[in-house]
Amino acid sequence: MRDLFLSNCEKNFIQKIVSEGHRLDGRNYNESRKLNITFGSDYGSCIVTLGETKVLAQVTCEVVQPKQIRPNEGILYINVEISPMAAPQFEANRQTDLLVYMNRLLEKCYKDSKCIDLESLCIVVEEKVWSIRVDVKVINHDGNLVECASIATLSSLAHFKRPDITRSGDSVIIHTLSEKDPIPTVLFHYPVCSTFAIYNSDILLSDPNFLEESVCTSSTEEESNINGGLLVVGMNQYKEVCLLDLTGAAIYNTNIVHKAIMNAADKCKDIVDLVKKLIASDDNLRQKRVKINFSDIITTEHKMSLCKKDLNIKLKNYNVDNITKIDDSDEEMEKNCMEISKYDVVSAAIQHTAEMFSKKGGSKWIEISSDSDED
């Protein structure tokens, strides 16, 4: 992976505005970016958008032989992929440190915390169990990949429904969705990972973007590593800590860890309520035979996004919504003014050229009256 380096001016500017209580996009310290969750046509497929960070998750299942140490439990496997489509610094089909880091965090948060009832995935003890695989694909990287990927994993698992089965003797019949209704996945709790960026040993930034993450983790000096870093807190809706990943200043300061846990508790509850609400509305739409796919997120803004230049820095006294639209009369006046200005420029250029030719003794301009028929 090719690293992206920030200049000292960018680092100093971001550190200065953060110490003064501001952020580049105008958010508060505890404010997160806009969260959107969209489900696909298949059960267990969803796209989660956190600001400009986009992650696609898909859950699949198959019948396999169980492990010898857990003969009556199913298998959960999480796989994370980051391609050059997410950001130009990533390389295709190459395992990076960030990829391994995200895989370990998601497995600890969802597999080691026992949030899924693996015993309900057993078909025949020591012979056949369901193996659930969660494929997480990063579409666009703009910071806070861990939180966006965790929300996508949770949403896809809660939305997934496996096919129903029927046992007749030693044989197992797997029914299609048209034959029998699918069975939803049993979740004991809903854990969510929250990421915080640490500045100046006591400032916590919720949901940091790519620049804020790069500034607090791109220092090589020991003093700056003590003053900054990232803190990942995994917590469920019951305010139980499922994951805690400490780096930098979080290792040396217990107060900042306690503050992050309190902020993550409220944040996780809101996210879990949103996921449950969207899944319930999705089930109602499917019962009414409404066609559901990812085409709903393709709007005019998405089509014209490449033509627009977004302003990364939000100014206090500037708001796009306050700009008044030009009326038709104003547009006509503006066009007339432009035509007049163009006519003046062209006539001045023609006059200047005629003077130059006359001075050099070249051909002169001949005036033609409007009464003549010559062109």
Side-chain angles (χ1 to χ4, degrees), residues 1-15 17-18 23-27 32-38 45-58 78-106 134-153 193 195-197 199 205 207-220 224-225 228-230 232 245 247-248 294 297-314:
M1 186 176 90
R2 300 182 298 271
D3 296 332
L4 292 180
F5 297 99
L6 295 176
S7 62
N8 293 330
C9 295
E10 291 176 312
K11 295 179 183 178
N12 296 333
F13 175 74
I14 294 177
Q15 290 176 354
I17 63 171
V18 168
R23 299 177 72 172
L24 283 177
D25 47 10
R27 291 182 290 157
S32 300
R33 292 173 291 183
K34 186 178 180 181
L35 175 64
N36 291 325
I37 302 175
T38 307
S45 62
C46 69
I47 292 180
V48 176
T49 303
L50 189 62
E52 293 298 327
T53 302
K54 296 179 177 62
V55 174
L56 169 66
Q58 175 68 55
I78 299 176
N79 179 41
V80 182
E81 296 180 5
I82 305 177
S83 63
M85 180 177 61
Q89 66 266 25
F90 298 105
E91 298 179 4
N93 300 326
R94 184 173 182 180
Q95 195 172 20
T96 61
D97 295 338
L98 178 61
L99 196 62
V100 176
Y101 174 73
M102 290 182 61
N103 266 310
R104 289 179 179 176
L105 288 184
L106 293 178
V134 184
D135 291 306
V136 181
K137 181 78 171 181
V138 179
I139 301 177
N140 189 34
H141 175 29
D142 190 30
N144 201 2
L145 284 179
V146 176
E147 182 172 346
C148 191
S150 69
I151 297 174
T153 304
C193 295
T195 306
F196 299 91
Y199 282 81
L205 299 184
D207 186 18
N209 55 23
F210 179 74
L211 287 177
E212 292 171 347
E213 279 187 355
S214 302
V215 170
C216 69
T217 58
S218 62
S219 302
T220 56
S224 57
N225 287 332
L230 289 176
V232 180
D245 184 73
T247 57
F294 290 137
I297 64 176
I298 304 176
T299 59
T300 306
E301 296 180 357
H302 288 81
K303 294 178 181 178
M304 301 296 293
S305 60
L306 296 177
C307 302
K308 298 180 181 179
K309 293 183 179 179
D310 296 333
L311 186 64
N312 295 326
I313 301 177
K314 186 175 181 180

query = Taking only residues two or more places apart in sequence or in another chain, which ones pass side chain to side chain donor-acceptor pair (under 3.5 Å) with Q95?
reply = none
request  = Would you indicate whether the side-chain heavy atoms of F13 and L211 approach each other to under 4.5 Å?
outcome  = no
remark   = The side chain to side chain contact (heavy atoms under 4.5 Å, CB included) partners of E212 (sequence neighbours excluded) come to R23, R27, Y199, L205, P208, N209
key: Any donor-acceptor N/O pair, N36 side chain to T49 backbone, under 3.5 Å   = no
remark   = Output for pair (N144 CG, S32 OG), nearest 0.5 Å, gives 8.0 Å
query = Under a 4.5 Å cut-off applied to non-hydrogen side-chain atoms, are F90 and V138 in contact?
reply = no
Non-hydrogen side-chain atoms of K137 and S83 separated by less than 4.5 Å = yes
task = List in chain and number order the residues that pass salt bridge (Lys or Arg N to Asp or Glu O under 4.0 Å) with E10, two or more places apart in sequence or in another chain; answer none if no residue qualifies.
result = none
task = Dump the intermediate steps for side-chain contact (heavy atoms from CB on, under 4.5 Å) on H141 and I82, then the final yes or no.
result = CA-CA 9 Å; H141 175 29; I82 305 177; over 6 Å; no
remark   = side chain to side chain contact (heavy atoms under 4.5 Å, CB included) test vs T153 passes for just one of V55, D135, V80, L106, namely L106
message = Taking side chain to side chain contact (heavy atoms under 4.5 Å, CB included) as the definition, give me every residue that meets it alongside N12, ordered by chain and number, with sequence neighbours left out.
response = N8, Q15
ask   = At what distance, to the nearest 0.5 angstrom, does CG of L99 lie from CZ of R104?
value = 11.0 Å
query = L145 versus L98: any side-chain heavy-atom pair under 4.5 Å?
reply = yes
message = Tell me every residue that passes side chain to side chain donor-acceptor pair (under 3.5 Å) with T53, counting only those two or more places apart in sequence or in another chain.
response = none
task = In plain terms, say whether D25 and R33 are close enough for a salt bridge, that is, a side-chain N and a carboxylate O under 4.0 Å apart.
result = no
query = Any idea which heavy atoms bring F294 and T38 closest together, and the distance?
reply = CE2-O, 3.5 Å
query = If you round to the nearest 0.5 Å, how far is CD1 of I14 from CG of L24?
reply = 5.0 Å
key: Closest non-hydrogen atom pair, M102 against A149   = CE-CB, 3.8 Å
query = Any idea which heavy atoms bring A152 and A57 closest together, and the distance?
reply = O-CB, 3.6 Å
inquiry  = Looking at E213 and A197, would you say the former's side chain and the latter's main chain have a donor-acceptor pair under 3.5 Å?
reply    = no
